[in-house]
Amino acid sequence: MDKQLHLSYGTIARSELSEQELRLESEALEAARKAYAPYSNFHVGAAVLLENGQIVSGSNQENAAYPSGLCAERTTLFYAGAQYPEVAPLALALVAINQAGRVPLITPCGACRQVMLETAMRFRPYKVLLMGPEETLLIEDCRLLLPFAFDGSDL
Ligand code: THU
C-alpha cells in the first residue's frame with residue numbers, strides 16, 4: 001500500500017472548554033432530554049452554532065418502523081437548513097444519554113457523516129465536538145470523518 005489517510009483530532013478536558021463550547025454542550029444536553037427514543041432508550045442531542053450566532057439543536061426521533069426514525073445530527077442539520085438556508089454552521093456538538101446516564105462520547109453514524117459533509121460542501125468546513133462528561137474530542141473539519149465520500153461532484 002503506498003497511500004495513507006490521516007485524521008487529525010484533539011482531545012479537550014472539561015476544564016479547558018470555552019464558554020461557547022460549554023453553552024453548545026448544554027444546548028445539546030437539553031435537546032437529548034427531549035429525544036423520542038422509546039425503542040433504544042438512547043437519547044442523543046446535537047447543537048449547531050450558526051454563523052449568525054443562533055444555536056439550533058435537535059434530538060433523535062425514533063419510529064416503530066425503525067428505519068423511519070432519524071438521528072440527532074440529521075434532525076438538527078436539516079432543521080438548521082430549513083430555518084436558515086443561507087447561514088453556515090460553525091460548529092456541531094454531540095452528546096448522548098443512556099439508561100446509565102451520560103455516555104462518555106459517541107461518534108456519528110455513516111449517514112450523518114454524509115449529511116455533515118454535504119453541509120460543509122454547501123457552506124464551508126466546520127468543527128465537530130464529540131462531548132463526553134470528562135473529555136471532548138475535537139475534529140476541526142467535519143469532512144475528515146468521511147474519507148472517500150460521495151458528493152455532488154460525482155453526479
Ligand atoms: N443515534 C443518533 O441520534 N446519533 C448517532 O450518532 C448515533 C445513533 C440514534 C439513532 C437511534 O435513535 C439511537 O441513537 C440508537 O442507535
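Both ligands and their constituent atoms are indexed starting at 1 by order of listing. Positions are given from 1 along the sequence.
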Visitor: In the protein, what heavy atom is nearest to atom 3 (O) of ligand 1, and what distance, to one decimal place, separates them?
Guide: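 Here the closest protein heavy atom is Ala72 N, 2.8 Å.
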Visitor: Using the side-chain contact (heavy atoms from CB on, under 4.5 Å) rule, pick out the option among Leu130, Leu24, Thr76 that qualifies with Leu94.
Guide: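 Among Leu130, Leu24, Thr76, the one that satisfies the side-chain contact (heavy atoms from CB on, under 4.5 Å) with Leu94 is Leu130.
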Visitor: What's the shortest distance from atom 5 (C) of ligand 1 to any protein heavy atom, and which residue and atom give it?
Guide: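 Checked against all protein heavy atoms, atom 5 (C) of ligand 1 sits closest to Glu73 OE2, 3.4 Å.
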Visitor: For Tyr79, does the OH atom have more than 12 heavy-atom neighbours from other residues, nucleotides or ligands under 6.0 Å away?
Guide: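 Not buried by this count: 12 neighbours or fewer within 6.0 Å.
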Visitor: What closest approach, in Å, do Gly58 and Ala72 show between heavy atoms, and which atom pair accounts for it?
Guide: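 In this case the closest contact between Gly58 and Ala72 is O-CB, 3.9 Å.
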Visitor: How close does the nearest protein non-hydrogen atom get to atom 16 (O) of ligand 1, and which residue and atom is it?
Guide: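 Of the protein heavy atoms, Phe42 CD2, 4.8 Å lies nearest.
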Visitor: Report the part of Thr107 (side chain from C-beta onward, or backbone N, CA, C, O) that has a heavy atom under 4.0 Å from ligand 1; answer both or neither where that applies.
Guide: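 Contact part for Thr107 vs ligand 1: backbone (N, CA, C, O).
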Visitor: Which option, Leu94, Asn60, Asn63, Asn98, owns the non-hydrogen atom nearest atom 9 (C) of ligand 1?
Guide: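 Nearest option to atom 9 (C) of ligand 1, by heavy atoms: Asn60.
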Visitor: State whether Arg102 and Glu25 are salt-bridged, where the test is any N-O pair (Lys NZ or Arg NE/NH1/NH2 against Asp/Glu carboxylate O) under 4.0 Å.
Guide: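 A salt bridge is present here (some side-chain N lies under 4.0 Å from a carboxylate O).
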Visitor: Indicate yes or no: does an N/O atom of Glu62 lie under 3.5 Å from an N/O atom of ligand 1?
Guide: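 N/O-N/O distance under 3.5 Å: yes.
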Visitor: Under a heavy-atom criterion of less than 4.0 Å, does Cys109 contact ligand 1?
Guide: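 It does, in that a heavy atom of Cys109 comes within the 4.0 Å cut-off of ligand 1.
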Visitor: Would you mind checking if Lys34 and Glu30 are paired as a salt bridge, meaning a charged N to carboxylate O distance below 4.0 Å?
Guide: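 Salt bridge present between Glu30 and Lys34.
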Visitor: Under 4.0 angstrom from ligand 1, any heavy atom of Ala37?
Guide: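 So Ala37 does not count as touching ligand 1.
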Visitor: Heavy atom to atom 15 (C) of ligand 1, shortest distance: which of Gly69, Pro108, Pro38, Ser40 holds it?
Guide: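 When every heavy atom of Gly69, Pro108, Pro38, Ser40 is considered, Ser40 comes closest to atom 15 (C) of ligand 1.
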Visitor: If you count heavy atoms of other groups shown closer than 6.0 angstrom to OH of Tyr9, is the number above 12?
Guide: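 No, not enclosed.
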Visitor: Starting from atom 8 (C) of ligand 1, find the nearest protein heavy-atom neighbour and note its residue, name and distance.
Guide: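 So the nearest neighbour among protein heavy atoms is Cys71 SG, 4.1 Å.
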Visitor: Write down the atom of Leu144, the atom of Ser8, and the distance for their closest heavy-atom approach.
Guide: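 Where Leu144 meets Ser8 most closely, the heavy atoms are CD1-O, 4.0 Å.
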Visitor: Quick test of your reading of the model: are Glu118 and Arg113 salt-bridged, counting only N-O distances below 4.0 Å?
Guide: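 The answer is no: the pair does not qualify as a salt bridge.
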Visitor: Could you tell me which atoms of ligand 1, counted from 1 in the order shown, lie closer than 4.0 angstrom to a heavy atom of Val44?
Guide: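 Numbered from 1, ligand 1 contributes 1 (N), 2 (C), 3 (O), 4 (N), 9 (C), 14 (O).
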Visitor: Identify the closest protein heavy atom to atom 7 (C) of ligand 1: which residue and atom is it, and at what distance?
Guide: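 Here the nearest protein heavy atom works out to Ile106 CD1, 4.2 Å.
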